2 protein chains.
Amino acid sequence: MSVHLVDIATRVLLADPSASLGDVAKAAGIGRTTLHKRYPTRQDLVVALADSALDVVDEAVADVDLTRPTREVLDDLVAKLVPLGPRLEFLLRFPGLEQDPRVAERLDRMDQPFLAFVATGQQQGQLRADLPAWWVLHTFYGVIFTAWEAIAAGRLAPLDAPRLVLTTFLEGVRP
Amino acid sequence: MSVHLVDIATRVLLADPSASLGDVAKAAGIGRTTLHKRYPTRQDLVVALADSALDVVDEAVADVDLTRPTREVLDDLVAKLVPLGPRLEFLLRFPGLEQDPRVAERLDRMDQPFLAFVATGQQQGQLRADLPAWWVLHTFYGVIFTAWEAIAAGRLAPLDAPRLVLTTFLEGVRP
DNA sequence: ACTGTTGTGAACATGAGTGTTCACCTCGTC
DNA sequence: GACGAGGTGAACACTCATGTTCACAACAGT
């Protein structure tokens, strides 16, 4: 039940960041008072959603062995991250989220292992070394985000997403 | 003066979509009353910003000859679109913007010439034909968006952006 | 049966954003 | 100097999200 709440709240607030807490409560099928009891203020709710999303990401990434061959790691990451959909989108796009110092710090820490992985891939010649590591990482996020959008809009079948994301990210759009 | 207003309003609302009209007016250095005279309701303002941004895009793209060789067109597009920065970001990311049918329709129409250009490039073997045209286009938007973010965060020098965007988009991150 | 926990709706006070009106000011134009 | 077109702050009423309190219902564990 509680797991559903953060999921629903994420979806509602992502669809309309100015949605009222009443809307969130109604969508979750609980009373507004109950929502207030768990999350005294709106900010508390938002931070909790961010924290939960970061937990989900940490959990998903914990399964991925970043020391394996680059290509396999990327396969795994895409397979793990794409299904997270709105949860990760919330982290990357929710307006004003980075203003909370704790969340900002966690977001920053989330990038660290990935940045190290990219740097390693570059040193080993698996990834282009003429691009900044952060650029490679953010491009990766961007392509995944594009895939989510397409899935949400019904343009892309979820099962097609990993192939599209990986081939575009690795090889670009030139034949 | 009026040109500055839409620019400032775009920046303020993009940084915080829930910013009050008072905040917008103050940032623009005008009275809230004056803002109300030009844009009677908040929705009027938002739609006007979207319209103005679409005008800017139309104007920028009108200069680009989409029938020239693929690579040159992409060069031109990146050079034109990246500097638009927040204006185009507003179009792509402002929450709830697509709910206005007129704006949604214009957004859709904005994509048409680009989609045709991509399709042509695919037929001529300049772009991979095994990817949907809309995917290629949205990936392109995504990379440009990533570049804006990096510029705004001070990580990327504006003059470096076109090279980074184009090389990543065309060739991917594999050596 | 008793009790503590949890959820619930109703009601209230508060504050903020919004849209409107009005009197006043400051220009450039005639 | 008169005039009209914008721009301005002050003030008002209205709506709505918010946070809080309260009394009550459901339920689990004792």
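Chain A is the first sequence line, chain B the second, and so forth, proteins listed ahead of strands; every chain is numbered from 1. Quick caveat, the model's predicted, so the values are computed rather than measured.
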Study note, to complete from the structure: Residue pairs meeting salt bridge (charged side-chain N to carboxylate O under 4.0 Å, His left out), one or both in residues 19-32 of chain B, sequence neighbours left out, come to none
Review point. Is it true that a side-chain atom of A:D76 and a backbone atom of A:V73 form a donor plus acceptor pair closer than 3.5 Å?
Key: no
Check your understanding: Rounded to the Å, how far apart are A:D44 CG and D:dT18 P?
Key -> 13 Å
Let me check something: any side-chain donor-acceptor pairs from residues 128-136 of chain B under 3.5 Å, sequence neighbours excluded? List them with distances.
unit_1	atom_1	unit_2	atom_2	d
B:R128	NE	B:D130	OD1	3.1
B:R128	NH1	A:T167	OG1	3.0
B:R128	NH1	A:G172	O	3.1
B:R128	NH2	A:T167	OG1	2.8
B:R128	NH2	B:D130	OD2	2.9
B:W135	NE1	A:T168	OG1	2.8

With a 3.5 Å cut-off and sequence neighbours excluded, list the donor-acceptor pairs that the side chains of residues 50-58 of chain A form with protein atoms.
unit_1	atom_1	unit_2	atom_2	d
A:D51	OD1	A:R102	NH2	3.1
A:D51	OD1	A:R106	NH1	2.8
A:D51	OD2	A:R102	NH2	2.5
A:S52	OG	A:R87	NH2	2.4
A:D55	OD1	A:R106	NH1	3.3
A:D55	OD1	A:R106	NH2	2.9
A:D58	OD2	A:R106	NH2	3.0

Please list, for nucleotides 13-15 of chain D, all pairs of protein and nucleotide N/O atoms separated by less than 3.5 Å.
none

**Study point:** Length of the line joining A:K26:NZ and D:dC16:P, which is rounded to integer Å
**Key:** 13 Å
Exercise for review: Sequence neighbours left out, what passes ring pair (Phe, Tyr, Trp, His ring centres under 6.0 Å) with B:F114? Give chain and number order.
Suggested key: none
**Study point:** Pair listing, salt bridge (charged side-chain N to carboxylate O under 4.0 Å, His left out) test, anchored in residues 148-159 of chain A, at least two apart
**Key:** A:E149-B:R93
Check your understanding: Residues in ring pair (Phe, Tyr, Trp, His ring centres under 6.0 Å) with A:F140, at least two apart?
Key -> A:F169
Check your understanding: Along nucleotides 7-20 of chain C, 5' to 3', which nucleotides get a B, which get an S, and which get a -, given that the test is a protein heavy-atom distance under 4.0 Å?
Key -> BBBBB-----SBBB
Check your understanding: Which residues pass the side-chain hydrogen bond (donor to acceptor under 3.5 Å, both in side chains) test with B:T120, sequence neighbours left out?
Key -> none
